[in-house]
Amino acid sequence: MDAGIDELRLLADPTRARILQLVLSSDQSRSTVTALAGALGLTQPTLSHHVRVLHDAGLLARLPEGRRVWYSVPDGHVDLVAALLPTSDSAGATDTLDRIIDDLGARFSGTFNRDTVERYVVETDALLQAQGVSRQRSSKVAGFAADRLTALAHEALADDDRPEVLFVCVQNAGRSQLAAAILRHLAGDRIRVRTAGSAPADAVRGVVVTALDEIGVPLGGEFPKPLTDEVVRAADVVVTMGCGDACPVYPSKVYLDWPIDDPAGLPLSAVRVIRDDIDARVRDLLATLT
């Protein structure tokens with residue numbers, strides 16, 4: 001079974017996802033069929049069926065102890081299962097947002113008041129929720145909200161004269177991620193680089209990550225993000241690839257449109273051609289900026 005793919009299909013069933021959540025959150029990270037059936041309001045035969053499916057997939061380990069049988073997530077699968085499970089209960093999600101607001105409030109103290117930080121964090125969470133982001137959403141909310149607040153503060157940072165480049169494509173899962181990763185790799189801290197999508201996908205395409213890895217360029221923790229006004233206003237150069245009409249136009253900015261094929265659905269051989277075209281364009285852009 002391919003790690004993460006078939007498991008994700010199994011966890012699309014909300015009952016199975018909830019079983020694993022209950023096991024991971026229970027005392028000693030284990031539970032019994034009886035306890036799980038009671039917590040979920042299911043009959044034991046129904047619960048046993050789901051547990052058997054998860055056990056056969058390697059997502060639950062069976063641990064007999066006298067007359068009782070415990071089930072737990074195997075050590076080698078804990079990280080994978082935690083990553084695949086959707087965000088937990090709303091109360092926990094609220095606590096996490098409060099912590100993000102507190103942390104970013106301290107980080108941007110002296111630049112923004114807490115109300116501004118809270119507004120951007122809550123709005124960012126709503127944007128990613130509408131986008132369908134569930135895996136690791138809290139960390140993505142924190143990163144994206146911080147990025148938006150940094151962009152908002154860009155004009156106030158008079159001592160930061162680094163140029164800022166924004167790459168925009170439709171899904172922010174292919175062309176813009178290729179361009180941004182290559183520019184970050186080449187420029188380092190000399191240039192601020194951001195990406196966005198007019199209709200962002202849920203994840204960067206695997207073939208894009210592979211194409212970047214082939215030339216030694218890391219993607220890092222990047223993920224598709226929606227196009228927001230403050231990142232456009234903060235940019236000195238806006239590069240669009242197939243979505244120029246979706247990007248608002250502000251004076252005193254350089255707008256470039258790169259006519260590049262969308263790698264969606266293309267084989268790696270075709271994505272390599274797109275990658276190399278973008279690489280050449282990025283190097284030319286970098287020469288003009290530095």
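All residue numbers refer to positions in the sequence shown, counting from 1. These values consider heavy atoms only, across backbone and side chains, with no hydrogens, waters or symmetry-generated copies.
- Checking Thr150, Asp103, Thr116, Asn113 one by one against Phe108, the side chain to side chain contact (heavy atoms under 4.5 Å, CB included) holds for a single residue, Thr150.
- In this structure, a donor-acceptor pair under 3.5 Å is absent between the side chains of Thr32 and Arg68.
- Between Arg30 and Glu65 the shortest side-chain heavy-atom distance falls below 4.5 Å.
- Looking at heavy atoms from C-beta onward, Thr240 lies out of side-chain contact with Leu256 at the 4.5 angstrom threshold.
- The closest donor-acceptor contact from the side chain of Thr46 to the backbone of Leu42 lies at 3.5 Å or more, if one exists at all.
- A salt bridge between Asp277 and Arg281 is present, with a side-chain N of the basic residue lying under 4.0 Å from a carboxylate O of the acidic one.
- Between Arg283 and Asp279 there is a salt bridge, since at least one side-chain N of the basic residue sits less than 4.0 Å from a carboxylate O of the acidic one.
- Contact of the Val53 side chain with the Arg16 side chain is registered, since non-hydrogen atoms from C-beta on lie closer than 4.5 Å.
- For the pair Val249 and Val238, the minimum side-chain heavy-atom distance is 4.5 Å or more.
- Closest approach of Val231 and Leu166 over heavy atoms only: O-CD2, 3.9 Å.
- At least one side-chain heavy atom of Val141 sits under 4.5 Å from a side-chain heavy atom of Val121.
- A salt bridge links Glu222 to Arg184: one of the charged nitrogens lies within less than 4.0 Å of a carboxylate oxygen.
- Panel note: side chain Ser109, backbone Gly105; no donor-acceptor pair is recorded below 3.5 Å.
- Remark: Lys253 fails to qualify as a cation-pi partner of Tyr255 under the 6.0 Å distance and 45° angle criteria applied to the six-membered ring.
- Annotation: Asp189, atom CG; neighbour count of heavy atoms from other residues, nucleotides and ligands within 6.0 Å does not exceed 12.
- A salt bridge does not link Asp147 to Lys225: none of the charged nitrogens lies less than 4.0 Å from a carboxylate oxygen.
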